[in-house]
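Contents: one structure, followed by commentary.
The shown structure was predicted, so the numbers you read here are calculated from the model rather than taken from an experiment. The residues of the chain are indexed from 1 along the displayed sequence. Hydrogens, waters and symmetry mates play no part in the numbers below; they use all other heavy atoms, side chains included. One-based numbering, in listed order, for ligands and for the atoms of each.
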Amino acid sequence: ARTDFVEFFHKIIDRFEMSKKQNIRFIRKLPKNPVYVDIDRDKLTQVIDNIISNALKYSPEGGAVTFNVVHLGRFIRISISDQGVGIPKDHLTKIFMRFYRVDRARSRKLGGTGLGLAIAKELIEAHGGEIWADSEWNKGSTISFTLPVHKEGEKV
Ligand code: ATP
Ligand code: MG
C-alpha cells in the first residue's frame, strides 16, 4: 500500500526507543517531507525490526545507532548504522545467506537463528529494492537497502 516511508520509519524507531534497555543513543537523519513508497507494511516492519534488533544486539553500552533516509529520485536509500563489533569483509555478503552467522559462539549466546537477513533480502528484492552491508571491523556496521519511490510520489 502507498505509505509515507518517513512517518512509517519514525513509528518503528519510536517503538524501539521506548522499549530499549541498553544505554544506546538513537540518531535520526530522516527527510522532513513525506516520501511515498508502495510497500507491504507488515513485511517491511519485519525487515526493519530485524535490522534494528541486530544493531542493538551487537552494540556496546553507550553506543549510537544512526537512522538515515535519503531520497535519490526514483529510489530511497535507508541505512541503519551501529558502533558495534562490525562484520569482517569476507562475511559482508554471506550474512544474507540462510542460517549464516559470523561468530557461532557469540551468536549462540546472543540467540537467534541466522534467518533474519536472509528473509530481509528476499522481501526487499520482492519490493524491487536491494540490500547490502558495509562494515569496518571493530568500528561498526551499516545495513542499507533501497526501495522504489511510488509513481505518484516521485516529484523531486
Ligand atoms: P535471527 O535474525 O534469525 O534472530 P541472527 O540475528 O543471528 O538471527 P541475521 O539477522 O540473519 O541472523 O544476521 C546474520 C549474522 O550477521 C548474525 O548472526 C551476525 O553474525 C551478523 N550480523 C548481522 N547484523 C550485524 C551487526 N549489526 N553487527 C555485527 N554483526 C551482525
Ligand atoms: Mg537478526
Q | Count of N, O or S atoms belonging to protein, less than 2.8 Å from the Mg ion (ligand 2) | A |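 There are 2 of them.
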
Q. Looking at residues at least two apart in the chain, or sitting in another chain, which of them share a side-chain contact (heavy atoms from CB on, under 4.5 Å) with Q46?
A.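 Expected list: I119, L123.
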
Would you mind telling me if ligand 1 is within reach of the side chain of [X], the backbone, both or neither, using heavy atoms under 4.0 Å?
X: I51; result: neither
X: D82; result: side chain
X: F96; result: neither
X: V102; result: both

**Q.** Under 4.0 Å to a heavy atom of L117 - the qualifying atoms of ligand 1, by number
**A.**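 Those qualifying, in numeric order: 9 (P), 10 (O), 11 (O), 13 (O), 23 (C).
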
Nearest-neighbour protein heavy atom for [atom], which is reported as residue plus atom name and distance:
atom: atom 23 (C) of ligand 1; answer: N54 ND2, 3.6 Å
atom: atom 19 (C) of ligand 1; answer: Y58 OH, 3.3 Å
atom: atom 1 (P) of ligand 1; answer: T113 N, 3.5 Å

(Q) Pairs of nitrogen or oxygen atoms closer than 3.5 Å, one from K57 and one from ligand 1: do any exist? (A)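 Yes, since at least one N or O of K57 sits under 3.5 Å from an N or O of ligand 1.
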
Q) For I143, is at least one N or O under 3.5 Å away from an N or O on ligand 1? A)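 No; every N/O pair is 3.5 Å or more apart.
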
**Q.** Any A120 heavy atom less than 4.0 Å from ligand 1
**A.**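 Per 4.0 Å heavy-atom rule, A120 does not contact ligand 1.
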
**Q.** Nearest candidate to atom 5 (P) of ligand 1, where distance is taken over non-hydrogen atoms, out of G116, G114, S81
**A.**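 Closest candidate by heavy-atom distance is G114.
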
Q) So, D14 and R28, do they make that salt bridge, N to O below 4.0 Å? A)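 The answer is yes: the pair qualifies as a salt bridge.
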
